[in-house]
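Numbers for residues simply follow the sequence, beginning at 1.
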Amino acid sequence: MKTFSRRNTLFGACMACAGMRGLFASAVQAQEAQRWSPPAAGDRCPSRWGAADRRGSMNLMTPERAKRAASLIRTGEIIECGQTLNQTMPFFGTRRFDVHLKRTFMNPEPNRRGSNEELVVAEIGQVGTQLDAFPHQTIGDEGYNCVHIPRISSRGGFTEMGVEKVGTIFTRGVLIDVAGLKGVATLPDTYEITPDDLQAAMSRQNVRIEEGDAVLIHTGWGLLWGKENARYVASCPGLGVAAAEWILRQNPMLMGSDNWPVECAPSKTMPDGSLPVHQLALAVYGVHLLENMKLDELARRGQSEFAFAVQPLKLQGGTGSTVAPSALF
């Protein structure tokens with residue numbers, strides 16, 4: 001199977017497909033099965049920031065971008081984009097989130113100060129609304145910038161590129177409402193978003209992507225969160241490889257969505273493979289992924305541009321972090 005350079009389109013002319021008829025089905029069914037494989041090390045490394053770089057797209061987090069994001073706050077309104085962490089949210093495999101309340105005890109002083117705490121047992125980097133760090137996904141034994149992942153692995157976490165190195169993200173956010181484009185609350189299960197979908201949605205919303213943006217995709221899948229958990233984790237609509245690379249070539253700071261992997265699962269592009277957009281974003285382009293977002297309120301209000309803020313936990317050596325992002329405008 002042929003591989004392609006990170007510096008060029010992974011699909012090129014092969015993305016021609018039959019025109020869309022009806023609401024959804026033809027866009028996927030009429031499209032010829034596309035094939036993709038991860039680019040060879042020589043085609044993806046070194047990164048655009050050099051062989052020693054470990055920050056990837058976070059190199060775009062500059063004071064100028066923070067100031068520009070701040071200029072988008074005009075009314076002072078805030079929409080929270082994180083799902084609530086609880087024991088009824090969707091989980092994958094052996095991931096868990098258990099809360100055990102440590103009941104009130106009274107301190108011995110005469111003012112009777114009561115104190116409450118809880119014990120949380122969780123895979124805190126990979127539950128709820130979460131940001132993926134680079135060691136979370138690999139191409140073989142290599143992560144972003146061809147770093148040999150076994151070399152940086154330790155009992156206490158990763159010695160390089162842990163989520164604690166990401167830092168505060170405060171940049172322009174862009175919501176691309178593909179569900180709104182299609183006129184539905186939720187895209188169909190396994191609908192694979194194309195570059196044409198993205199461009200049509202952005203044209204409808206009169207918005208464009210700029211370097212350093214947080215690009216968020218509204219599929220409507222988040223409406224199933226905590227309500228239809230089995231369906232939520234079984235599959236999902238999301239970005240196809242071609243759509244993901246169309247965004248990645250525009251140098252975003254991160255890509256996020258209201259589904260669990262940002263991409264379509266299972267992939268139409270690589271039906272015999274596993275989450276190729278994860279490899280493309282994290283290992284090839286060095287762009288963080290933000291999953292399981294709550295985007296329905298932003299979409300309902302038609303808010304396409306905003307200041308976007310998120311701070312991963314300082315979890316040393318972590319593969320990711322539960323986060324609580326916000327849109328401010």
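Ion pair R249/E245 flagged as a salt bridge, since at least one NZ, NE, NH1 or NH2 atom sits closer than 4.0 Å to an Asp/Glu carboxylate oxygen. With respect to K182 and D197, a salt bridge is recorded, a charged nitrogen being found less than 4.0 Å from a carboxylate O. One finds a salt bridge joining R48 and E211 here, because a Lys/Arg side-chain nitrogen approaches an Asp/Glu carboxylate oxygen to under 4.0 Å. A salt bridge links E297 to R300: one of the charged nitrogens lies within less than 4.0 Å of a carboxylate oxygen. Using a 4.0 Å cut-off between charged nitrogen and carboxylate oxygen, E305 and R208 do not count as a salt-bridge pair. With respect to the salt-bridge test (charged N to carboxylate O, under 4.0 angstrom), the residues E142 and R44 qualify. Salt bridge annotation for E117-R103: absent, with no cationic side-chain nitrogen under 4.0 angstrom from a carboxylate oxygen. Ionic pairing of K314 and E164 is not present here: no N-O contact between side-chain nitrogen and carboxylate oxygen is shorter than 4.0 angstrom.
Note: I217 CD1 to N259 CG = 9.5 Å, rounded to the nearest 0.5 Å. In this structure, the separation between OG1 on T322 and CD1 on I124 is 4.0 Å, given to the nearest 0.5 Å. Here OG of S304 is found 8.5 Å from CZ of R204. Values are rounded to the nearest 0.5 Å. Interatomic distance, CD of Q87 versus CZ of R96, reported as 9.5 Å (0.5 Å rounding). For the atom pair CG (N292) and CD (Q130), the distance works out to 5.0 Å, reported to the nearest 0.5 Å.
In this structure the side chain of F308 reaches within 4.5 angstrom of the side chain of L254, judged on heavy atoms. E291 is not listed as a side-chain neighbour of W260, based on a closest heavy-atom distance of 4.5 Å or more. Contact of the V241 side chain with the M270 side chain is not registered, since no non-hydrogen atoms from C-beta on lie closer than 4.5 Å. With contacts defined as side-chain heavy-atom distances shorter than 4.5 Å, the pair P39/V284 qualifies. For the pair I73/F329, no side-chain contact is recorded, criterion being any heavy-atom separation below 4.5 Å from C-beta on. A 4.5 Å side-chain heavy-atom check between W225 and M293 finds every atom pair outside the cut-off. Residues T190 and P237 have side chains not in contact (no heavy-atom distance under 4.5 Å, counting atoms from C-beta outward). The closest side-chain heavy-atom distance from C236 to P261 is below 4.5 Å.
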- Task: Could you check M58 against H288 for side chain to side chain contact (heavy atoms under 4.5 Å, CB included), going step by step and ending with a plain yes or no?
- Result: CA-CA 8 Å; M58 285 309 299; H288 296 288; 3.8 Å; yes
- L60 vs W49, side chain to side chain contact (heavy atoms under 4.5 Å, CB included): CA-CA, chis, key distance, verdict: CA-CA 11 Å; L60 299 171; W49 289 286; 4.1 Å; yes
- Verify side chain to side chain contact (heavy atoms under 4.5 Å, CB included) between L216 and L295, making sure each step is shown before the conclusion. CA-CA 8 Å; L216 312 179; L295 298 176; 4.2 Å; yes
- Query: I149 and F158: side chain to side chain contact (heavy atoms under 4.5 Å, CB included), yes or no, with the steps?
  - Reply: CA-CA 8 Å; I149 294 299; F158 289 97; 3.6 Å; yes
- Query: Hey, mind stepping through T219 and D258 against side-chain hydrogen bond (donor to acceptor under 3.5 Å, both in side chains) and telling me if it holds?
  - Reply: CA-CA 6 Å; T219 70; D258 54 357; 2.7 Å; yes
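Counting only N and O atoms by type, the side chains of K294 and T129 include no donor and acceptor under 3.5 Å apart. Side-chain contact annotation: N86 with T84, donor-acceptor N/O pair under 3.5 Å absent.
When the SG-SG distance for C45 and C146 is compared with the 2.5 Å cut-off, it comes out below that value.
The only member of Q137, E263, H136 that meets side chain to side chain donor-acceptor pair (under 3.5 Å) when paired with H278 is E263.
Connectivity analysis of hydrophobic side chains (ILVMFWY, heavy atoms under 4.5 Å, direct or indirect) links L181 to nothing; its cluster partners are none.
The shortest heavy-atom contact between L298 and C81 is CD1-SG, 3.8 Å. Of all heavy-atom pairs spanning L224 and N229, the tightest one is O-OD1, 4.0 Å.
Legend: residues meeting salt bridge (Lys or Arg N to Asp or Glu O under 4.0 Å) with R55, ordered by chain and number and at least two apart, are absent.
Under the 6.0 Å cut-off for aromatic ring centres, Y144 and F134 qualify, their centroids lying closer than that.
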